[in-house]
Amino acid sequence: MIHIEDEIFIKKKFDFDKLKSFGFSIVDNKYIYTEDFLDANFKAIIEISDVLKGKVIDNFSDEEYMPLRIESYDGEYVCKVREAYKTILKRIADACCTDVFFAYEQANRIANLIYERYGVKPDFPWNDDNGVFRHLDTRKWFSLIMYIKRDALLKDGNSVMVNVMNLKTEEQYDIDGIYPAFHMNHKYWISLILDDTLSDTLIMELVSKSYNLTKKKRRR
């Protein structure tokens, strides 16, 4: 299943005043936008509330055009519909969104708090959605925020994508939202899911500990 909307909006934050200016209507506390395209053969319907949902309706059958979502459907006509739909989404993103570092709101809040406290912004060495926070003097990591499937961390069969933060630690925690580190040494690192399970205050306390554990040691 192709999640076209995630591809376009993964690192975007909506300005709701701009949504209204663009042409979105507010219905039942949701922002709704519709647009016919490809000679009015299709209709895009975009719905924004806590999450963004989109679908394309075949105006001839008045049903959702599902070939759009199936990766193996790569014929000329399906690709034409897919690209036209992406063009609409990109117009919305350009007109109504600002760029952010990460997919989850809490991940972006924590990134801003780290910058306010330490003057550090994430860098993205692998040209993907995984951001590294480094000490300004040594360039040594003190945190890593990744974008992974929940199942990769918890092995619970849940394929939802989440932002996960790795931090160095001297102790282990039996707290919902804190787990043995993903892709790092379980003895020295932990992973935090940044979906508001944990408070920003607790996360920043753990960030501070990781920062101090990884900073350059002073010579006596």
Side-chain angles (χ1 to χ4, degrees), residues 1-112 121-124 126-131 145-152 158-164 194-196:
M1 182 73 74
I2 300 176
H3 297 284
I4 298 170
E5 297 79 13
D6 289 346
E7 175 188 332
I8 304 298
F9 292 101
I10 185 172
K11 291 186 179 182
K12 302 291 184 182
K13 181 178 181 179
F14 286 103
D15 182 322
F16 290 95
D17 289 332
K18 290 182 178 179
L19 288 176
K20 289 187 286 186
S21 299
F22 188 88
F24 279 78
S25 301
I26 302 176
V27 180
D28 296 330
N29 295 318
K30 299 175 183 177
Y31 288 79
I32 308 291
Y33 177 77
T34 63
E35 180 177 325
D36 288 329
F37 65 100
L38 290 184
D39 298 323
N41 288 315
F42 296 92
K43 177 182 294 180
I45 303 176
I46 314 300
E47 176 185 304
I48 301 170
S49 52
D50 294 333
V51 296
L52 180 145
K53 298 178 182 178
K55 59 183 176 181
V56 170
I57 301 298
D58 183 332
N59 284 336
F60 179 76
S61 64
D62 201 31
E63 295 180 352
E64 187 169 0
Y65 185 68
M66 292 310 299
L68 180 87
R69 305 287 178 182
I70 302 172
E71 192 169 5
S72 61
Y73 282 48
D74 57 359
E76 181 179 353
Y77 189 71
V78 174
C79 289
K80 185 177 181 180
V81 176
R82 194 176 289 141
E83 289 306 311
Y85 179 53
K86 285 184 180 181
T87 297
I88 294 172
L89 297 178
K90 289 174 182 177
R91 279 181 26 237
I92 294 171
D94 290 343
C96 305
C97 297
T98 55
D99 292 332
V100 292
F101 289 122
F102 302 106
Y104 273 58
E105 180 63 28
Q106 187 173 40
N108 288 302
R109 292 200 310 269
I110 295 300
N112 289 334
K121 292 183 179 180
D123 63 77
F124 297 85
W126 305 288
N127 295 317
D128 55 17
D129 301 312
N130 301 316
I145 294 182
M146 299 167 285
Y147 192 54
I148 62 174
K149 290 182 179 179
R150 185 181 175 91
D151 177 68
N158 190 333
S159 62
V160 169
M161 300 292 291
V162 293
N163 278 132
V164 170
L194 302 181
D195 63 353
D196 287 298

ask   = What pair of heavy atoms forms the shortest contact from M146 to N130, and how long is it?
value = CA-OD1, 3.0 Å
ask   = Taking all non-hydrogen atoms of both residues, which atom of G54 and which atom of I46 are closest, and how far apart?
value = CA-CD1, 4.3 Å
Pair D39, N41: side-chain N/O donor-acceptor within cut-off below 3.5 Å = no
ask   = To the nearest 0.5 Å, how far apart are CD in E83 and CG in L38?
value = 11.0 Å
note = Closest non-hydrogen atoms of S49 and K30, given as atom of the first, atom of the second and distance, are CB-CG, 3.9 Å
message = In terms of relative ring orientation, are Y85 and F37 parallel, tilted or perpendicular, with 30° and 60° separating the classes?
response = parallel
query = Taking 4.0 angstrom as the limit, do K20 and D17 come out as a salt bridge?
reply = yes
task = Among R69, K12, K86, find the residue that satisfies the salt bridge (charged side-chain N to carboxylate O under 4.0 Å, His left out) test when tested with E5.
result = R69
task = Give me the ring orientation class for F124 and F102: parallel if the planes are under 30° apart, tilted from 30 to 60°, perpendicular past 60°.
result = tilted
Atom NZ of K11: over 12 foreign heavy atoms under 6.0 Å = yes
inquiry  = Working to the nearest 0.5 angstrom, can you tell me the gap between C79 SG and Y73 OH?
reply    = 13.0 Å
inquiry  = Is the shortest side-chain heavy-atom distance between V162 and Y104 below 4.5 Å?
reply    = yes
